[in-house]
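I have placed the structure first, in the form of structure tokens, so that the comments after it can refer back to it.
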Amino acid sequence: MRLDKFLKVSRLIKRRTVANEACDAGRVTVNGKVAKASLNVKEGDILEIAFGSRTVKAEVLDVKETARKDEARELFRYL
């Protein structure tokens, strides 16, 4: 699954366009490397997202095309 879509489905970022902009600005890394929005995400990947002065680090646990709000928390784990 594309990185920007995963960020939206998992609700780490609310909208896909915002996820796209974050990737273009270089604020998202996957496994320690700056990632483009089109990067394929798989289970076990470590994501780091810079939100201003705060950084969120999460591990991908599952990849699903769609997820309800209560299921979205099961797609990743904060580190």
Side-chain angles (χ1 to χ4, degrees):
M1 174 185 291
R2 286 175 55 105
L3 175 59
D4 58 347
K5 184 169 182 183
F6 177 80
L7 291 172
K8 184 226 179 267
V9 170
S10 66
R11 292 182 172 71
L12 282 167
I13 296 180
K14 297 282 187 228
R15 291 188 312 249
R16 192 166 176 177
T17 54
V18 176
N20 240 319
E21 291 166 3
C23 292
D24 290 344
R27 294 193 313 253
V28 181
T29 62
V30 177
N31 298 326
K33 297 178 186 166
V34 176
K36 291 185 177 180
S38 60
L39 180 86
N40 261 345
V41 175
K42 57 191 177 303
E43 293 175 26
D45 284 347
I46 305 296
L47 309 177
E48 270 189 72
I49 309 161
F51 292 111
S53 62
R54 203 180 81 196
T55 302
V56 173
K57 195 170 186 179
E59 178 185 2
V60 178
L61 298 178
D62 196 6
V63 177
K64 292 184 181 176
E65 288 298 314
T66 59
R68 293 196 318 268
K69 190 174 185 178
D70 55 327
E71 294 173 343
R73 295 271 304 139
E74 298 167 10
L75 298 179
F76 66 93
R77 170 173 65 99
Y78 287 116
L79 299 175

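Position 1 is the first residue of the sequence, and the numbers go up from there.
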(request) Provide the full list of ring pair (Phe, Tyr, Trp, His ring centres under 6.0 Å) pairs with a residue in residues 12-60, sequence neighbours left out, each pair given once. (result) none

Over all heavy atoms of both residues, which pair between [X] and [Y] is shortest? Give the atoms and the distance, please.
X     : Y     : result
Ala19 : Ile13 : N-CG2, 3.7 Å
Leu61 : Arg77 : CD1-CB, 3.7 Å
Glu48 : Lys57 : CG-CG, 3.7 Å
Asn20 : Ala37 : OD1-CB, 3.0 Å
Leu75 : Ser10 : CD1-CA, 3.9 Å
Asn31 : Gly44 : OD1-O, 4.4 Å

(message) Regarding Lys5 and Glu65, does a basic nitrogen lie under 4.0 Å from an acidic carboxylate oxygen?
(response) yes

Which distance, rounded to the nearest 0.5 Å, do you find between the [atom1] of [X] and the [atom2] of [Y]?
X     : Y     : atom1 : atom2 : value
Lys8  : Met1  : NZ    : CE    : 10.0 Å
Leu39 : Lys36 : CG    : NZ    : 10.0 Å
Phe6  : Asp62 : CZ    : CG    : 8.0 Å

Side chains of [X] and [Y], heavy atoms from C-beta outward: is any pair under 4.5 Å?
X     : Y     : answer
Arg2  : Ser38 : yes
Ile49 : Leu7  : yes
Leu3  : Leu47 : yes

(request) Could you tell me whether Arg11 atom CZ has more than 12 heavy atoms of other residues or ligands within 6.0 Å of it? (result) yes

(request) Return the set of residues passing salt bridge (charged side-chain N to carboxylate O under 4.0 Å, His left out) with Lys42 (not counting sequence neighbours), or none when no residue passes. (result) Asp45

(message) Side-chain heavy atoms nearer than 4.5 Å, only ILVMFWY residues, links allowed to pass through others: does that put Ile46 and Tyr78 together?
(response) no

